[in-house]
Amino acid sequence: MLRRWEYARELLLMPCTQVTAAAALLVTYAALLAHSATQHSPTHLEPAFLAAGVSHWQLGRFELYRVNPPFPRMVAALPVLASGCKTDWTNYVDRPGSRAEFTVGQDFMRINGARSATLLIYARWAGILFAVVGGIAAYCWANDMYGEGAGLLSLLLWVLEPNLMAHAELVTPDCACWSLGVIAGYAYWSWLARPSTFTALLAGVALGMAQLTKLTWISLYAIWPIIWITTCYLERRSSLPECRANRHFGRSAVQMACILATSLYVTNCGYCFEGVGRPLGSFSFVSTLLATPDAGGSLGNRFSATAFAILPVPLPEQYVLGFDTQLRDFERFPVASYLRGEWKHGGWWYYYLYGMFVKLPVGLLVMCVGISVHRLIAWKSSRSKRCTDYPVVITVLAIVTVVSIPRSFALHLRYVFPAVALIVVFCGQWALIWRRVPEFASFHSAATVLCARLICVACIADMCMENAISYPNQLSYFNWASGGSRAGWRHLLGSSFDWGQDIVGVEAALKKSCHFATGPPFEVPVVTFEHFPNAALNSNLRIMPLSEAITSMMRQPDGTRVIVVFIDFAMHQYEGILQLTDAIRCACPDQSLGMPVVEQYGTFVVIQFPMPGSMHGESHDEE
């Protein structure tokens, strides 16, 4: 039996076996994402994101959605343009701080009607490329950093992580952000491990491409120099002669400057050098940090009357204005934040840490904590190594810190998912427990190794189970320790739970709960935050305000009235489902509604009001 086990282990660690397994994982992953992309309605940002991408190609301008760089949405727009689409630029406006992409996105959905859902699926399929490329980078980086087997484990975690999978199917910048972030991190780590002009150029190109996905990675211009200084310090103190001889500080500094300059050039290429070199004092800013209010109290430039006004800005015009607009949104965010039933204007410093605790799979959390504890214990033996995984750790901590600093709101947990992608790479070193390596010498007792292996297998099994149960609804996924997806709204709302993705699932739920398939074709009122026109639904569903929905409630043959309300709307407007049902009963014109029956399906509830005196009337608490 032991010989068979050793043979199986050696077979699994063979490079050809790993490559075959990795290819199979990626093909399966892409197929699951392609199917999942067809199962969800447009989320709140997708129409605006797609319309902005189309505008970049058709108009050659980058004003729409400038709070994020254009590369991901231009990729998403390619199959949409190839298949043909209608456009309406009537509401395209360009003024400082404007967010016209949302109105233009609505117009795009309206003018394309029911076909807009198909166009969105095409755009989603194009974005799957980012998820696959990111998985390949995670595989290669973990293999290079930790050795054979680690890459395959990291890729497996990449495929199984529900939150990464949820956003990989959407037409948003998030998947491209963390995928190209992993590529940039790998390229930079390779330069640290094997410094040369060639690896420096590769790192610069990768950093520039990451800058073209999301403004999150602007933080790398501060993080990477810190990592470089840390590396130089550790290598000068290293007892290994090859570490001291391998890096010349002056040559290393020149290569670091080359990385930053190359990244700047690539970023400018992504914007076709539009507005590069514009004087700093000529911009009209809207954020408190960059603007000095004029007589109107809305615009200004705090640098216009200083010596810095004539300095040329080596960045694209829309990149700078997008950064300023994003700052303004962070400073004066109009929507209240929600955490565990509490609403307030502003955020919580622990919001993202808490969100990771309830949204990340328990298996991944256990693996991350376990390997972190081991790394702390084994620090003395690992610090002499020439280049270990401290760049990953520093980047993860920096990302979590940066996104936690803005206290004007706490709404989107997806802001911290670039750190989750790096955690997946970091956890790949669990594969080392299957091999006898010097770094794990202190854990080589038979009982300890067996326990560690069992924990690793249990964590992977947990992630497989949770992913299978939540598929294809990973966007509203919460781990079992927090109560699962049905209780997700008790912890977080917004894009972490309901982003409008379940509207296409309403009809299926009605067929189960209200016998929707029988009788005449009722028009069902749906109450949510409107994010695309009714013309795009191509069904009997109609999105409408609550007041209109109350008078339009679907009547079943037995007199029961039915209304569909999304939980996010109920929590925003009435702070609970029970309060909402009471408001509906009070607002009903004829005051003849019985006690409600509330059934939850994903991120929405189907509320049935039986006729008074019906035996089926039953009051349900919030669930």
Side-chain angles (χ1 to χ4, degrees), residues 137 141-142 144-146 177-178 180-211 214-267 314-315 323 371-372 375-405 416 418-419 421-423 425-426 429 439:
W141 191 4
D144 202 0
M145 189 158 48
Y146 302 122
C177 170
W178 65 63
L180 290 179
V182 169
I183 294 174
Y186 180 32
Y188 188 64
W189 181 92
S190 298
W191 172 72
L192 292 174
R194 298 173 288 273
S196 69
T197 303
F198 177 71
T199 54
L201 288 174
L202 287 181
V205 172
L207 177 58
M209 293 301 297
Q211 296 301 318
K214 203 170 182 181
L215 291 179
T216 300
W217 292 127
I218 199 173
S219 61
L220 291 180
Y221 285 112
I223 297 172
W224 281 14
I226 293 174
I227 294 175
W228 168 64
I229 294 173
T230 303
T231 302
C232 293
Y233 172 77
L234 292 177
E235 291 190 347
R236 288 179 67 88
R237 294 195 59 183
S238 175
S239 59
L240 300 177
E242 60 269 23
C243 288
R244 294 183 178 181
N246 194 59
R247 186 180 299 274
H248 184 274
F249 182 79
R251 183 168 58 248
S252 178
V254 171
Q255 291 176 358
M256 186 69 217
C258 178
I259 291 174
L260 300 180
T262 303
S263 70
L264 195 62
Y265 179 79
V266 173
T267 302
L315 288 167
F323 178 76
I371 205 65
S372 299
R375 295 297 288 166
L376 289 174
I377 296 174
W379 173 250
K380 288 185 178 181
S381 62
S382 65
R383 67 180 179 181
S384 63
K385 296 179 71 67
R386 181 175 176 279
C387 190
T388 58
D389 52 7
Y390 65 86
V392 179
V393 176
I394 292 176
T395 306
V396 169
L397 295 177
I399 291 174
V400 175
T401 301
V402 167
V403 300
S404 299
I405 289 175
V416 82
L422 295 175
I423 289 174
V425 176
F426 177 74
Q429 61 189 295
E439 188 178 350

How about [X] and [Y]: do any of their side-chain heavy atoms sit closer than 4.5 Å?
X      : Y      : answer
Ser190 : Leu202 : no
Trp228 : Ile259 : no
Phe426 : Thr395 : no

Just verifying a value: how many Å separate [X] [atom1] and [Y] [atom2], rounded to the nearest 0.5 Å?
X      : Y      : atom1 : atom2 : value
Thr262 : Leu207 : OG1   : CG    : 9.5 Å
Ile394 : Thr230 : CD1   : OG1   : 4.5 Å
Leu192 : Ser252 : CG    : OG    : 8.0 Å

Who passes ring-ring contact (aromatic ring centres under 6.0 Å, His included) against Phe198, sequence neighbours left out?
none
Tyr188: which residues meet the ring-ring contact (aromatic ring centres under 6.0 Å, His included) condition with it, sequence neighbours left out?
Trp191, Trp224
Which heavy-atom pair separates [X] from [Y] by the least distance, and what is that distance?
X      : Y      : result
Ile399 : Leu422 : CD1-CD1, 4.2 Å
Val400 : Val403 : O-CG2, 3.4 Å
Ala421 : Trp178 : CB-CB, 3.8 Å
Cys258 : Leu201 : SG-CD2, 3.6 Å

Could you go through the side-chain contact (heavy atoms from CB on, under 4.5 Å) check for Ile183 and Met209 one step at a time?
CA-CA 9 Å; Ile183 294 174; Met209 293 301 297; over 6 Å; no
Donor-acceptor pairs under 3.5 angstrom involving side-chain atoms of residues 215-223: please list them, not counting sequence neighbours.
residue, atom, partner, partner atom, Å
Trp217, NE1, Cys177, O, 2.7
Ser219, OG, Thr216, O, 2.9
Tyr221, OH, Ser263, OG, 2.9

Can any side-chain N or O of Thr199 pair as donor or acceptor with the backbone N or O of Arg194 at less than 3.5 Å?
yes
Let me see the working for Leu315 and Phe323 under side-chain contact (heavy atoms from CB on, under 4.5 Å), right down to the final yes or no.
CA-CA 11 Å; Leu315 288 167; Phe323 178 76; over 6 Å; no
